[in-house]
Protein chains: 2
Amino acid sequence: MAAESDLNTGVLLFLPYRALENRVFAALAKAGFDDFTPAQARVMQRIGPDGTRLTELAEQAQITKQTAGFLVDQLEKASYVRRVPDPTDKRARLVCGAEKAWAAKEIADGVVAEVEKEWEAHLGKRRMTQLREALTLLREITDPWA
Amino acid sequence: MAAESDLNTGVLLFLPYRALENRVFAALAKAGFDDFTPAQARVMQRIGPDGTRLTELAEQAQITKQTAGFLVDQLEKASYVRRVPDPTDKRARLVCGAEKAWAAKEIADGVVAEVEKEWEAHLGKRRMTQLREALTLLREITDPWA
DNA sequence: GACGATGGTCAGAGTCTCTGACTAATTTGG
DNA sequence: CCAAATTAGTCAGAGACTCTGACCATCGTC
C-alpha cells in the first residue's frame with residue numbers, strides 16, 4: 001500500500017524540517033529581517049516571553065555558553081534582544097526579546113502556519129493529526145527539556 | 001485525548017532528529033570514528049554507492065561547492081573518501097566513499113536501527129508506521145530531490 | 001564563614017561558510 | 001563546425017561560528 005521509502009527515520013524527519021526552516025528564513029529576509037544569521041536565529045528562537053538565561057539558551061541550543069554569549073552580543077547590537085539583570089540572582093542576566101524580535105516572530109509564525117496548512121492539504125487532516133500526535137509522543141523520550 | 005503540544009511542527013520534527021543525530025555521533029566517537037566533524041559527516045552522508053559529484057553533494061547539503069570542496073578535502077586526508085575521475089565528463093570527479101566510510105556507516109546504521117526500535121517501543125507499532133508513512137508522503141512536497 | 005557549584009566573561013585558536021574571480025570541459029544554436 | 005552560454009571545479013580572502021581553557025562574582029550548603 002503506502003509506498004514506504006527506504007530512508008531512515010532521521011532523514012525523513014530532517015527533510016521537512018529543513019524545508020520549513022528555509023521557507024521561514026526566506027520570508028523573514030523578504031520582510032526586511034535580513035540582519036541576523038541562522039545561528040543567531042537558533043538562539044533567539046529559544047528566548048521565552050519573560051526572558052531566558054544565557055546558560056539555558058546555550059543548553060537548549062546545544063552550544064557552549066561562550067558561543068551563546070557571542071551570538072547574543074550580535075543580536076543585542078542588532079536590537080533584537082536586550083539583557084536585563086535577573087532579579088533573583090545577581091550573577092545572572094535575562095536575555096529578553098525586543099520589539100524587533102516579536103515583529104520577526106509574527107512573520108515567522110505566519111509562515112509556519114501557512115506551511116502547516118500546505119502539509120495538511122497534502123497529507124489529509126487525519127494523517128496530519130497522526131503525525132503531530134506521534135511527534136508529540138516522541139518528544140517525551142527525545143527532548144531533555146520536555 | 002492525546003495531549004497535543006502547542007509546539008509548531010518544525011520544532012516537533014527537529015527534536016527527535018537531533019536526538020537521533022546525537023546518538024549516532026556518540027556511538028561513532030565511541031567506536032573510534034572521532035576524526036571527522038559534524039559538517040564533514042553531513043557531506044559524507046550524501047555520497048552514493050557509486051560516488052557522487054561535488055556539485056551534487058553541495059546542492060543536497062545546501063552549501064556552496066567551495067565549502068563542499070573544503071570539507072571533502074578534509075575527508076580525503078582522513079581517508080574517508082577518494083576522488084576518482086568521472087568517466088562521462090572530463091571536468092568532473094566522483095567523490096567515492098572508502099572502506100573507512102563504509103565501516104563507519106555500518107556503526108551508524110546499527111544505532112539508527114536501535115533508536116528506531118526504541119521509538120517503536122514507545123509509540124507502538126501502529127503509530128510508528130503512521131509516522132513513517134506521513135513523513136514519506138511529506139517528502140513529496142519538501143524534498144527537491146525526491 | 002569556608003567551599004563547591006553555578007552564571008557569565010575574556011582570550012585565543014580552529015573550523016565552517018561565504019563571495020568573487022578564474023580555468024577547463026560540455027552543451028547549445030546558428 | 002564553431003562561438004556562446006552553461007556547468008564542474010578550484011583558488012584566494014574574509015567573515016562567522018564554535019570550541020577549550022582560564023578567570024571572576026555570586027549562590028547554596030554545611
Chemist: Is B:Q40 touching bases, backbone alone, or none of the nucleic acid, heavy atoms closer than 4.0 Å?
Modeler: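 Sugar-phosphate: the residue B:Q40, judged by heavy atoms under 4.0 Å, touches backbone atoms but no base.
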Chemist: Is the ring pair B:F25/B:F36 parallel, tilted or perpendicular, if the boundaries are 30 and 60 degrees?
Modeler: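 Tilted: the ring planes of B:F25 and B:F36 meet at 30° to 60°.
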Chemist: What is the separation between atom CZ on B:R42 and atom C1' on C:dT15, rounded to the nearest whole Å?
Modeler: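 The distance from CZ of B:R42 to C1' of C:dT15 comes to 12 Å, rounded to the nearest Å.
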Chemist: Using a cut-off of strictly less than 4.0 Å, decide whether B:R83 has a side-chain nitrogen or oxygen near OP1 or OP2 of D:dA8.
Modeler: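 So the side-chain polar atoms of B:R83 never come under 4.0 Å of the phosphate oxygens OP1 or OP2 of D:dA8.
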Chemist: Would a hydrophobic clustering, with Ile, Leu, Val, Met, Phe, Trp and Tyr connected at side-chain separations under 4.5 Å, put B:V11 with B:L131?
Modeler: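 Same cluster.
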Chemist: List the protein contact pattern of nucleotides 20-30 of chain D with one symbol per nucleotide (5' to 3'): B for base contact, S for sugar-phosphate-only contact, - for none; contact means a heavy-atom distance under 4.0 Å.
Modeler: BB---BBS---
Chemist: If you round to the nearest 0.5 Å, how far is CZ of A:R83 from CZ of A:R93?
Modeler: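 With rounding to 0.5 Å, CZ (A:R93) is 5.0 Å from CZ (A:R83).
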Chemist: Rounded off to whole Å, could you give me the CZ-to-P distance for the A:F70 and C:dG12 pair?
Modeler: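 Distance, rounded to whole Å: 15 Å.
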Chemist: Measure CZ/A:R53 against C1'/C:dT9 and give the value in whole Å, please.
Modeler: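 Those two atoms, CZ and C1', are 16 Å apart.
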Chemist: Applying salt bridge (charged side-chain N to carboxylate O under 4.0 Å, His left out), which residue pairs with at least one partner in residues 108-124 of chain B are found, sequence neighbours left out?
Modeler: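 Only B:R23-B:E114, B:R23-B:E118, B:K105-B:D109, B:E116-B:R132, B:E120-B:K125 qualify under salt bridge (charged side-chain N to carboxylate O under 4.0 Å, His left out).
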Chemist: How many whole angstroms separate atom CD of A:Q74 from atom C1' of D:dT18?
Modeler: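 After rounding, the gap between these two atoms is 13 Å.
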Chemist: Report the distance from atom CG of B:L71 to atom C1' of C:dT15, rounded to the nearest whole Å.
Modeler: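 Value for this atom pair: 9 Å.
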Chemist: To the nearest 0.5 angstrom, please state how far the NZ atom of A:K77 sits from the CD atom of A:Q40.
Modeler: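 Here the rounded value is 10.0 Å.
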Chemist: List the atom of A:G97, the atom of A:I47, and the distance in Å for their closest heavy-atom pair.
Modeler: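 A:G97 and A:I47 have their closest heavy atoms at N-CG2, 3.8 Å.
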Chemist: Does A:Y17 belong to the same Ile/Leu/Val/Met/Phe/Trp/Tyr cluster as A:L15, with side-chain heavy atoms less than 4.5 Å apart forming each link?
Modeler: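 Yes, one cluster joins them.
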Chemist: Examine C:dT6: is either OP1 or OP2 under 4.0 Å from a nitrogen or oxygen in the side chain of A:R93? Give yes or no.
Modeler: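 Answer is no, no contact under 4.0 Å.
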Chemist: Are OP1 or OP2 of C:dT15 and a side-chain N or O of B:T37 less than 4.0 angstrom apart?
Modeler: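 Answer is no, no contact under 4.0 Å.
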Chemist: Please tell me if the side chains of B:L13 and A:L13 come closer than 4.5 Å, counting only heavy atoms from C-beta onward.
Modeler: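 Side chain of B:L13 against side chain of A:L13, heavy atoms only: contact under 4.5 Å found.
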Chemist: Enter the inter-axis angle for the ends of the helix from C:dG1-D:dC30 to C:dG30-D:dC1 (five pairs per end, rounded to 10°).
Modeler: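 Computed angle between terminal axes is 40°.
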